Amino acid sequence: MYNLGNGLFFHIVVTATGTTKRIVTDEHLAGIRRPYYLTDLYDVNATVDQWYSLSVNQAGKNSSECGFWLGSGPDCSSVQPYGPLYPNASIFECPFSQFEGSRGTNPGVYIERNKMVTFMGSVHEWTLYGLGSSHHALTIQPHHFQIISVESDNYDYRQYYEVGQWRDTLPPVASAVRVRFRVAQFTGENAVNCHFLRHQDLGMMDSYLVLSFADFQALTEAPTSYPTETPDDDLIGPLGFFWVIIVAAGVVFGGLGLAAYVTFFSSST
C-alpha cells in the first residue's frame, strides 16, 4: 500500500500463474539483430585495435585525503597483487590518480599522461584488475562490453557475471576480467569510473579521448583493421601502362638505332 498524498492510495498485488520457468537458449537469441556495437567479439580470432587496463587497488593513496583513486594505462599487470609495483602516480604503464577534472579534446593532454586516445569504430580489449573482495563497480562510458575471459583466485565471480555475457557495469571481483567493446560513433572525452557515486565524486574516475579516424591517422599510423579508403597499390594503372609502352618502345628503337650506327661506323672504317 502506497500513500500518494491527498488521500490517494494504490495497492499492488503480484500473483504467480505458473511454476514452469522458461529456459532461454542461444537458439532463442540467434534471430535477434544486434546493433553494430554489440556484434559478438568473443571469437579468439577477432581483430583488436587497441588494449588498455584498469586497477581498483586503493593501497598507496594518501590516507590524509578523503577520496578514492583509479589506476589506468596500457598495462596494469605490474601493480600489486599481480606484479611487484605498489600503486602510485609514477607507474608509467598504469599511473594512479584522483581525477582532476575534464581534460578536454586536445590529444596531447592524454598522450603525455599515457592515457587512451582512440578512434570511432575501433575494437578495444581492456583488462580490469580486481581484488576479490573489492566491489568497485567499473563502467566504461558509454559502452556495453563483452566478457572474454576471467582469472579468479578461488572467488566465485559467477554470481555477478559469466564469460560471453554483455555488461555496462562490472565489479571486477575476480583477479582479472578481460572485456571487449567497439567504440561508439561519436568523438570527445569519455569517462571510466566506479559507479558508486560517492567513489566517483571523490576521485575514482578517469577519461579517454575518441577521435575521428582521420584525426587519429594524423597522430599515428593507420590501424590496418579499420576500413579505410582502398590504397592505390596498382603501381601501373591505365596511364602508367601507356607510359610503360612508350618507354619500352624508346628502349627498343634506341637499341636498334645504336646497333645500326655501330654497323655503319664499322663498315665505313
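Remember, predicted model here, so these are calculated numbers, not experimental data.
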Open item on the list: Test of understanding: with ring-ring contact (aromatic ring centres under 6.0 Å, His included), list the residues that count as partners of Phe145, not counting sequence neighbours.
Closed with: none
Task: Residue pairs passing the salt bridge (Lys or Arg N to Asp or Glu O under 4.0 Å) test where at least one lies in residues 99-111, sequence neighbours excluded - done: Glu100-Arg103, Glu100-Arg113, Arg103-Asp206
Task: Non-hydrogen side-chain atoms of Leu170 and Leu138 separated by less than 4.5 Å - done: no
Task: Thr169 side, atom OG1; His195 side, atom NE2 - distance, nearest 0.5 Å - done: 4.0 Å
Open item on the list: Side chains of Tyr161 and Pro171, heavy atoms from C-beta outward: is any pair under 4.5 Å?
Closed with: yes
Open item on the list: Does any part of the side chain of Val192, heavy atoms only, come nearer than 4.5 Å to the side chain of Ser207, both counted from C-beta?
Closed with: no
- [ ] Mind listing the closest non-hydrogen atom pair of Trp166 and Thr39 along with its distance?
- [x] CZ2-O, 3.4 Å
Task: With sequence neighbours excluded, residues passing side chain to side chain contact (heavy atoms under 4.5 Å, CB included) with Phe186 - done: Pro142, Ala184, Asn190
Open item on the list: According to a hydrophobic-cluster definition based on side-chain heavy atoms being under 4.5 Å apart (Ile, Leu, Val, Met, Phe, Trp, Tyr only), do Ile91 and Leu128 belong together?
Closed with: no
Task: side chain to side chain contact (heavy atoms under 4.5 Å, CB included) between Ser122 and Arg182, worked out - done: CA-CA 6 Å; Ser122 57; Arg182 188 179 296 276; over 6 Å; no
- [ ] Kindly work out whether a path of hydrophobic side-chain contacts (I/L/V/M/F/W/Y, heavy atoms less than 4.5 Å apart) joins Leu54 to Val210.
- [x] yes
Open item on the list: To check you understand the geometry: which heavy-atom pair defines the closest contact between Pro87 and Ala59, and what is its length?
Closed with: CB-O, 3.2 Å
Task: Contacts of Ile148 that satisfy side chain to side chain contact (heavy atoms under 4.5 Å, CB included) - sequence neighbours left out - done: Tyr42, Gln146, Arg178, Arg180
Open item on the list: Any non-hydrogen side-chain atom of Gln217 less than 4.5 Å from a side-chain atom of Ser212?
Closed with: no
- [ ] Assign the ring pair His124 / Phe181 to parallel, tilted or perpendicular, where the plane angle (0 to 90°) is split at 30° and 60°.
- [x] tilted
Task: Partner set under ring-ring contact (aromatic ring centres under 6.0 Å, His included) for Tyr52, not counting sequence neighbours - done: Trp126
Task: Asn88 CG to Ser90 OG distance, which is reported to the nearest 0.5 Å - done: 3.5 Å
Open item on the list: Between Ile147 and Glu162, is there a side-chain heavy-atom distance shorter than 4.5 Å?
Closed with: no
List the atom pairs, with distances to 0.1 Å, where a side-chain N or O of residues 104-112 and a protein N or O form a donor-acceptor pair under 3.5 Å, not counting sequence neighbours.
| unit_1 | atom_1 | unit_2 | atom_2 | d |
| --- | --- | --- | --- | --- |
| Asn106 | OD1 | Gly108 | N | 3.1 |
| Tyr110 | OH | Gly104 | O | 2.6 |
| Tyr110 | OH | Glu189 | OE2 | 3.4 |

- [ ] Could you list the residues that satisfy ring-ring contact (aromatic ring centres under 6.0 Å, His included) with Tyr86, not counting sequence neighbours?
- [x] none
Open item on the list: Set out, in order, the CA-CA distance, both residues' side-chain angles and the distance that settles side chain to side chain contact (heavy atoms under 4.5 Å, CB included) for Leu41 and Val48, then state yes or no.
Closed with: CA-CA 9 Å; Leu41 299 173; Val48 176; over 6 Å; no
Task: Residues in side chain to side chain contact (heavy atoms under 4.5 Å, CB included) contact with Gln200, at least two apart in sequence or another chain - done: Asn193, Leu197, Met205
- [ ] Take the angle between the ring planes of Phe119 and Phe213 and call it parallel below 30°, perpendicular above 60°, tilted in between.
- [x] perpendicular
Open item on the list: Any heavy-atom pair between the side chains of Cys94 and Phe96 that's under 4.5 Å?
Closed with: yes
TODO: Grab the two heavy atoms, one from Ser77 and one from Asp75, that are nearest each other, plus how far apart they are.
DONE: OG-OD1, 2.6 Å
TODO: Quick one: list whatever passes disulfide bond (SG atoms under 2.5 Å apart) with Cys194, sequence neighbours left out.
DONE: none
Task: Chi angles and distances behind the side chain to side chain contact (heavy atoms under 4.5 Å, CB included) call for Gln58, Phe68 - done: CA-CA 7 Å; Gln58 296 301 301; Phe68 299 84; 3.5 Å; yes
- [ ] Any pair with a residue in residues 81-95 that passes salt bridge (Lys or Arg N to Asp or Glu O under 4.0 Å), sequence neighbours left out, goes on the list, sorted by first then second residue, please.
- [x] none
Open item on the list: Check whether Gln50 reaches the backbone of Met116 with its side chain - one donor and one acceptor, N or O, closer than 3.5 Å.
Closed with: no
TODO: Establish, from distance only, whether the side-chain atoms of Ser55 and Asn57 form a donor-acceptor pair under 3.5 Å.
DONE: no
Open item on the list: Grouping I, L, V, M, F, W and Y whenever their side-chain heavy atoms are under 4.5 Å apart, do Leu202 and Trp69 come out in a common cluster?
Closed with: no
- [ ] Give the intermediate values and the outcome of side chain to side chain contact (heavy atoms under 4.5 Å, CB included) for residues Trp51 and Glu125.
- [x] CA-CA 5 Å; Trp51 290 261; Glu125 181 175 296; 3.5 Å; yes
Task: Sequence-distant partners of Arg167, salt bridge (charged side-chain N to carboxylate O under 4.0 Å, His left out), two or more places apart - done: none
Task: Set of residues satisfying side chain to side chain contact (heavy atoms under 4.5 Å, CB included) with respect to Ser53, sequence neighbours excluded - done: Cys76, Thr127, Tyr129
